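To keep things clear, I will list the structure first and then write my remarks on it.
Every value quoted in this text rests on a predicted model; they were computed, and no experiment measured them.
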Amino acid sequence: SYTDDAGGMTFTATSGSFKGDDTVGTAIRANSAGTVIELTTKSAGGAFAFYSVDLANLNADSATSGTVTFKGTLANGQALATKTVTVNGGRKVNSITDFGNEYTLLSKLEITFSSSDLILDNVVVDPLFTKGTADTSDLDSEGLATLDGTVWISLATNGVSSTINGRGN
């Protein structure tokens, strides 16, 4: 596996294996056809948004193609439809940016390579949150109000109103 400490993301081979490849930039390359790499947040149980990725087929023959499939799982456990991208040979880097809004609250993304000639680079993600208890050690407790009784909070988003009902202790 590989963890990007700066981005807070982890790449783990769940089938097959992968390695670094510097042929057309610093990239991840599957060691065999059928390799599956799972992308998750570094902290287990977190969620992230997936925006884009660069793919290339290192086979010099432009008539040769391979596929990379993306299968996302949302933070609520719902599986997204599989997205398959065909990558033609010729070592040309293709930026894939059309993942859409459904890829903005993922708990994991499985990436499957049909060939060891395929590489993945420049993954653009945004870690959104991690599962667990918030660290409040640096918060100042002065000026905090304790709410008691019924609390009504109204939110307005794009002209649509929503109401959240809560009850204090």
Side-chain angles (χ1 to χ4, degrees), residues 1-135 157-160 162:
S1 74
Y2 166 75
T3 299
D4 175 14
D5 289 327
M9 302 301 294
T10 299
F11 297 83
T12 305
T14 58
S15 176
S17 60
F18 66 90
K19 61 186 174 188
D21 188 285
D22 295 329
T23 304
V24 293
T26 305
I28 290 176
R29 182 176 186 171
N31 283 331
S32 61
T35 294
V36 179
I37 297 174
E38 185 176 275
L39 177 62
T40 59
T41 58
K42 185 168 68 170
S43 300
F48 62 96
F50 181 78
Y51 297 109
S52 67
V53 63
D54 288 350
L55 301 172
N57 187 331
L58 298 181
N59 190 311
D61 181 1
S62 60
T64 301
S65 66
T67 59
V68 178
T69 59
F70 298 87
K71 182 179 177 187
T73 301
L74 296 175
N76 67 3
Q78 178 185 349
L80 296 176
T82 300
K83 177 181 180 65
T84 301
V85 177
T86 299
V87 185
N88 294 324
R91 298 185 178 181
K92 180 178 183 261
V93 176
N94 301 278
S95 294
I96 312 301
T97 61
D98 60 343
F99 287 94
N101 291 337
E102 62 269 21
Y103 282 81
T104 57
L105 191 57
L106 299 173
S107 62
K108 70 178 179 179
L109 180 64
E110 294 173 304
I111 305 167
T112 304
F113 298 82
S114 70
S115 163
S116 61
D117 287 332
L118 298 167
I119 63 168
L120 171 138
D121 195 6
N122 296 324
V123 176
V124 178
V125 297
D126 184 12
L128 301 174
F129 60 84
T130 58
K131 184 177 180 180
T133 305
D135 179 8
T157 307
N158 296 330
V160 178
S162 300

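- For N76, the CG atom sits in a packed shell: over 12 heavy atoms of surrounding residues, nucleotides or ligands are nearer than 6.0 Å.
- Atoms CG and OG1, on L58 and T64 in that order, are 12.0 Å from each other to the nearest 0.5 Å.
- Atoms CD and CD, from E110 and E38 in turn, are 5.5 Å apart once rounded to the nearest 0.5 Å.
- N57 contributes a side-chain N or O that, together with a main-chain N or O of V87, makes up a donor-acceptor pair within less than 3.5 Å.
- Of the candidates V68, L55, T23, V24, I119 forms a side-chain contact (heavy atoms from CB on, under 4.5 Å) with just one, namely V24.
- In terms of heavy atoms, T10 sits closest to T12 at CG2-OG1, 3.5 Å.
- For the pair F11 and L120, the minimum side-chain heavy-atom distance is below 4.5 Å.
- L128 approaches L105 most closely through the heavy-atom pair CD1-CD1, 3.7 Å.
- Rounded to the nearest 0.5 angstrom, F113 CZ and T67 OG1 are separated by 10.5 Å.
- Taking the ring pair (Phe, Tyr, Trp, His ring centres under 6.0 Å) definition, one finds that Y103 meets it with F99, sequence neighbours left out.
- Side-chain atoms of R29 come within 3.5 Å of backbone N or O of S116 as a donor-acceptor pair.
- A distance-only check finds no donor-acceptor pair linking the side chain of D98 to the backbone of I96 [under 3.5 Å].
- When the options V36, I111, T35 are evaluated for a side-chain contact (heavy atoms from CB on, under 4.5 Å) with T14, the one that passes is V36.
- A distance of 12.0 Å separates CZ in F50 from CD in E102, rounded to the nearest 0.5 Å.
- Side-chain contact between V85 and F70 is present, with at least one heavy-atom pair separated by less than 4.5 Å.
- There is a side-chain donor-acceptor pair under 3.5 Å between N31 and S17.
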Is there a side chain to side chain contact (heavy atoms under 4.5 Å, CB included) between Y51 and V125 once you walk through the steps? CA-CA 6 Å; Y51 297 109; V125 297; 5.8 Å; no
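- The main-chain N or O of S107 is never found under 3.5 Å from a side-chain atom of T73 such that the two would form a donor-acceptor pair.
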Checking side chain to side chain contact (heavy atoms under 4.5 Å, CB included) for the pair M9/F48: CA distance, chi angles, key distance, verdict? CA-CA 9 Å; M9 302 301 294; F48 62 96; 3.5 Å; yes
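- With rounding to the nearest 0.5 Å, the separation of CG in D121 from CG in N94 is 12.0 Å.
- K71 NZ: 12 or fewer foreign heavy atoms inside a 6.0 Å radius.
- V93 is not listed as a side-chain neighbour of N122, based on a closest heavy-atom distance of 4.5 Å or more.
- A distance of 13.0 Å separates CG of L118 from CD1 of I28, quoted to the nearest 0.5 Å.
- The two residues A30 and S115 make their nearest non-hydrogen contact at CB-O, 4.2 Å.
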Please evaluate residues L106 and L80 with respect to the criterion side chain to side chain contact (heavy atoms under 4.5 Å, CB included), reporting the C-alpha separation (whole Å), side-chain torsions for both, the decisive distance (0.1 Å), and the verdict. CA-CA 9 Å; L106 299 173; L80 296 176; 3.7 Å; yes
